[in-house]
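Read the numbers this way: they start at 1 and go in the same order the structure lists the ligands and their atoms. All values reported here derive from a predicted model rather than from experimental measurement. Because only heavy atoms are used, hydrogens play no part in the values below, and waters and symmetry mates are left out as well, while side chains stay in.
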Amino acid sequence: MLEVKGFTKQYGTKTAAKNISFSVGAGEIVGFIGHNGAGKTTTLKCVAGINPISNGEILIDGTSIKQDAVACKRVTAFVPDTPSLYPYLTGSQYLNLIADIYQVDSKLRKERMEKMAEDFEISHAMGSLIGTYSHGMQQKIALMAAFIHEPKLLILDEPFVGLDPAAFITLKSMMTDLCQKGGAVLFSSHVLDVVEKLCQKLVIIRKGEIVATGNTADIIGNVSLESVFMEMNAHD
Ligand code: ATP
């Protein structure tokens, strides 16, 4: 579903991501981890088509993001680490706007919206303005907007930050459900025990370069992801 090949991103003279290659297959949840400033957000924004890439290739469902970014975006959803929503729309109006953009059938969108609102315990607030929502409620709306069109590729930057424990569990099961329907998920997180349990595959980045990628079980061996991560960051 996603192939990143020799991807490099420069901000002026600064190289934020260098020669990065990895893939995410249909049905896989892949965790993207690395220290602060490692280049995770940079990579995720380029995969989502928000930032242009400096070098290399990114293919989504076989289509090059450089050649047809719109086709790539049609099958992708991206939730940034600090989503900016429209404060003067209600939760329900915002989700309908996103569903309109992605041409989600009205019956289907209603079903999905009601189910997600119930699971996220936010049904009571769907008619209120987003500007009146707490940080966690806004995060839930941003996540619902990503799931409402059932993307083939879901990209999440630090999705668990700000969510209460119940929402945390709900999100994990939404990610798993999407993968069971053939979707693919790539997400960044600093919550290593969640990454270790949820992800079949990992991409570990350090100072803009990949230091490990592959099956979680192979990377971790018989220790924890936390120890592997600390070991990788021990050699500066
Ligand atoms: P964190 O875990 O703190 O969110 P990250 O792994 O997501 O970090 P990035 O935000 O991708 O890291 O940043 C990678 C590097 O690129 C950092 O050194 C950062 O300062 C730099 N950087 C990011 N965005 C820009 C920008 N717009 N212009 C210049 N440099 C940038």
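Residue contacts with ligand 1: Gly34 is placed with no nitrogen or oxygen under 3.5 Å of a nitrogen or oxygen of the ligand (distance criterion only). Residue Lys14 places at least one N or O, backbone or side chain, under 3.5 Å from an N or O of ligand 1.
For Glu118, the CD atom counts as loosely surrounded, since its 6.0 Å shell holds 12 or fewer non-hydrogen atoms of other residues, nucleotides or ligands. Surrounding NZ of Lys115 are at most 12 heavy atoms belonging to other residues, nucleotides or ligands under 6.0 Å away.
Distances from atom 20 (O) of ligand 1 to the protein include no heavy-atom value under 4.0 Å.
Here the protein heavy atom with the shortest distance to atom 23 (C) of ligand 1 is Tyr11 CE1, 3.4 Å. What sits closest to atom 10 (O) of ligand 1 on the protein, heavy atoms only, is Thr41 CB, 3.7 Å. In terms of protein heavy atoms, atom 16 (O) of ligand 1 is closest to Ala16 CB, 3.4 Å.
Interface atoms of ligand 1 facing Ala38, defined by a heavy-atom separation under 4.0 Å, are 5 (P), 6 (O), 12 (O). Those atoms of ligand 1 with a heavy atom of His190 less than 4.0 angstrom away are 2 (O). Counting the atoms of ligand 1 from 1 in the order shown, those under 4.0 Å from a heavy atom of Asn36 are 1 (P), 2 (O), 3 (O), 8 (O). Under a 4.0 Å criterion applied to the non-hydrogen atoms of Thr42, ligand 1 contributes the atoms 9 (P), 11 (O), 13 (O), 14 (C). Each of the atoms 1 (P), 2 (O), 5 (P), 6 (O), 7 (O), 8 (O), 11 (O), 12 (O) of ligand 1 lies under 4.0 Å from some heavy atom of Lys40.
A side-chain donor-acceptor contact under 3.5 Å links Glu57 and Ser64. A donor-acceptor contact under 3.5 angstrom links the side chains of Ser188 and Asp157, judged on distance only. Side-chain contact annotation: Thr63 with Asp68, donor-acceptor N/O pair under 3.5 Å absent. Side-chain contact check for Tyr11 and Ser54: no donor-acceptor pair (N or O, by modelled atom type) lies under 3.5 Å. For the residue pair Thr176/Ser173, the side-chain donor-acceptor check at 3.5 Å is not satisfied.
No donor-acceptor pair closer than 3.5 Å links the side chain of Thr170 to the backbone N or O of Phe120.
By the criterion of a heavy-atom distance under 4.0 Å, neither the backbone nor the side chain of Glu158 is placed next to ligand 1.
When the options Ser188, Cys46, Gly12, Gly37 are ranked by their closest heavy atom to atom 15 (C) of ligand 1, first place goes to Gly37.
In this structure, His35 counts as a contact residue of ligand 1, since one of its heavy atoms falls inside 4.0 Å of the ligand.
Using a 4.5 Å heavy-atom cutoff, the side chains of Tyr86 and Gln93 are not in contact.
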